[in-house]
S.K.: 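After the structure tokens below, expect a handful of questions from me.
No hydrogens, no waters, no symmetry mates; every other heavy atom, side chains included, goes into these values. Lettering follows sequence order; numbering is per chain, from 1.
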2 protein chains.
Amino acid sequence: MPKPPGSPLDETDLALLAVLTREADITNKALAHRLNLAESTCAHRVRALRERGIIRDTRIRLDEASVGYPLQAIIKVRLANHTGPTVTALFDALASVPRVLQVFHVAGVDDFLVHVAVEDATALRDIVLEHITVHPVVRGTETQLVFELRDGAGLLAR
Amino acid sequence: MPKPPGSPLDETDLALLAVLTREADITNKALAHRLNLAESTCAHRVRALRERGIIRDTRIRLDEASVGYPLQAIIKVRLANHTGPTVTALFDALASVPRVLQVFHVAGVDDFLVHVAVEDATALRDIVLEHITVHPVVRGTETQLVFELRDGAGLLAR
DNA sequence: AATGAAACCTATGAACC
DNA sequence: GGTTCATAGGTTTCATT
């Protein structure tokens with residue numbers, strides 16, 4: 001029987017998440033031994049964490065430059081008006097543009113922050129002109145090149 | 001013998017990456033059958049992609065709210081001066097702050113964009129005051145709440 | 001580089017404590 | 001929850017091409 005969605009995470013769950021956050025591809029066997037759990041218990045708990053949505057998914061991270069997209073940028077997008085359906089539709093549109101990695105919908109002067117990786121400056125301009133400012137609701141954009149992107153310490157850091 | 005770092009990706013590599021990007025936890029067997037490759041060939045190519053650094057790593061993604069950090073923000077950080085060692089040291093410091101998910105070092109008015117997930121507004125203020133503006137080189141910050149964050153179409157989208 | 005088959009290892013589920 | 005065990009399934013190696 002799965003735990004109710006609102007159950008708090010116990011110490012074991014947090015320990016599992018802490019290890020999985022650093023080593024997502026550890027085998028269940030190694031994970032169980034690391035935490036002194038039975039393999040079946042460990043597998044059961046990890047499955048439960050996935051079913052409860054606490055672990056959303058597993059992803060690989062590509063080296064953007066190695067696959068031909070060495071230039072990254074954050075494109076700030078400001079809107080002319082902020083009616084609900086307009087904002088949502090633009091959010092959808094931005095997220096579906098090739099080479100877009102993430103789209104942040106934020107509160108403030110900028111409405112969206114669009115993180116992209118592209119092959120060169122021309123491709124960056126093309127995204128801004130053809131996929132962003134092309135929307136009438138977009139009042140303006142401001143592009144910042146990304147020198148470097150690092151992972152932070154994360155949620156479970158002390 | 002691993003391929004030299006500069007070798008271009010062939011069609012098969014791109015097909016593998018396209019599948020893995022969507023389903024990182026697919027088994028090697030299923031992946032091989034999907035692309036009509038022998039299992040051994042498929043395993044070998046994926047291993048090579050990892051060794052070449054094209055696949056950087058595998059990560060789980062947590063549901064931030066479920067683990068107690070329902071509030072996300074982007075904190076823009078502006079510096080007073082931009083001497084190399086200072087900037088690098090601050091980059092290191094920001095990336096090691098608990099609850100920081102990502103740090104972008106960017107070119108523009110803002111020098112860093114710090115993406116955080118926190119338990120509440122108080123925790124957000126504490127990060128800004130105790131971990132960011134505490135550095136003398138930081139001239140100012142501007143915090144934007146994140147309403148929603150979406151994945152983009154990604155690098156391999158057509 | 002790719003293949004198929006064997007050998008090896010891991011994950012899974014049942015029965016029980 | 002934990003333990004044990006049996007089975008199914010996945011991964012790795014290697015001789016071959």
S.K.: Look at the side chain of Asn28(A) and decide which nucleotide, out of dT12(D), dA11(C), dT11(D), has an atom nearest to it.
M.R.: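 The answer is dA11(C), which lies nearest to the side chain.
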S.K.: Under 4.0 Å between a side-chain N/O of Arg45(A) and OP1 or OP2 of dG1(D), yes or no?
M.R.: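 It does, given that an N or O in the side chain of Arg45(A) lies less than 4.0 Å from OP1 or OP2 of dG1(D).
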S.K.: dT11(D), dA11(C), dT13(D): which one has an atom nearest the side-chain heavy atoms of Lys29(A)?
M.R.: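 The listed nucleotide nearest to Lys29(A)'s side chain is dA11(C).
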S.K.: Taking side chain as C-beta onward, heavy atoms only, is His82(A) less than 4.5 Å from Val137(A)?
M.R.: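 With C-beta onward as the side chain, the pair stays apart.
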S.K.: For Thr58(B) and Arg50(B), does a side-chain donor sit closer than 3.5 Å to a side-chain acceptor?
M.R.: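 The answer is yes; a qualifying pair exists.
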S.K.: Give the rounded distance in Å between these two atoms: CG of Leu16(B) and P of dA2(C).
M.R.: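 That distance rounds to 10 Å.
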S.K.: To the nearest Å, give me how far apart NE2 (His44(A)) and C1' (dA11(C)) are.
M.R.: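 To the nearest whole Å, that distance equals 15 Å.
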S.K.: Atom CZ of Arg47(B) to atom C1' of dA1(C): distance rounded to whole Å?
M.R.: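 Spelled out: CZ on Arg47(B) to C1' on dA1(C) is 15 Å.
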S.K.: Tell me yes or no: between the side chains of His105(B) and Asp111(B), is some donor less than 3.5 Å from an acceptor?
M.R.: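 His105(B) vs Asp111(B): no donor-acceptor pair found between side chains.
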S.K.: Report which part of the nucleic acid Glu39(A) touches: base, sugar-phosphate, or nothing (heavy-atom distance under 4.0 Å, all strands).
M.R.: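 No contact at all - Glu39(A) keeps every heavy atom at 4.0 Å or more from the nucleic acid.
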S.K.: Among the nucleotides dT12(D), dG4(C), dA2(C), which one has an atom lying closest to any side-chain atom of Ser40(B)?
M.R.: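 When the side chain of Ser40(B) is considered, dG4(C) is the closest of dT12(D), dG4(C), dA2(C).
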S.K.: Roughly, in whole Å, what's the span from CZ in Arg50(A) to C1' in dA11(C)?
M.R.: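 Going from Arg50(A) (CZ) to dA11(C) (C1'), I get 14 Å.
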S.K.: Identify whether the distance between the nearest side-chain nitrogen and carboxylate oxygen of Arg59(B) and Glu23(A) falls below 4.0 Å.
M.R.: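 No, this pair does not count.
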S.K.: Take Gln102(B) and Gln102(A), measure what side chain to side chain donor-acceptor pair (under 3.5 Å) needs, and give me the verdict at the end.
M.R.: CA-CA 12 Å; Gln102(B) 316 178 79; Gln102(A) 315 177 82; 3.2 Å; yes
S.K.: Write down the distance between CG (Asp25(A)) and P (dT10(C)), rounded to a whole number of angstrom.
M.R.: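 To the nearest whole Å, that distance equals 14 Å.
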S.K.: Could you give the CZ-to-C1' distance, from Arg34(B) to dG10(D), as a whole number of Å?
M.R.: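 Spelled out: CZ on Arg34(B) to C1' on dG10(D) is 16 Å.
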S.K.: Tell me whether the side-chain N/O atoms of Thr41(B) come closer than 4.0 Å to OP1 or OP2 in dT3(C).
M.R.: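 For dT3(C), OP1 or OP2 has a side-chain N or O of Thr41(B) closer than 4.0 Å.
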S.K.: Ignoring the backbone of Leu37(A), work out which of dG2(D), dG10(D), dA11(C) is nearest its side chain.
M.R.: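 Nearest nucleotide to the side chain: dG2(D).
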S.K.: For Asn36(B) and dA2(C), what is the distance between atoms CG and C1' respectively, to the nearest whole Å?
M.R.: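 Computing the Asn36(B):CG to dA2(C):C1' distance gives 14 Å.
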S.K.: Rounded to whole Å, how long is the line connecting atom NE2 of His33(A) with atom P of dG2(D)?
M.R.: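 From His33(A) NE2 to dG2(D) P: 13 Å.
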S.K.: For a quick check of understanding: with a heavy-atom distance under 4.0 Å over all strands, which category does Ala38(A) fall into, base, sugar-phosphate or nothing?
M.R.: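 Ala38(A): base contact, heavy atoms under 4.0 Å.
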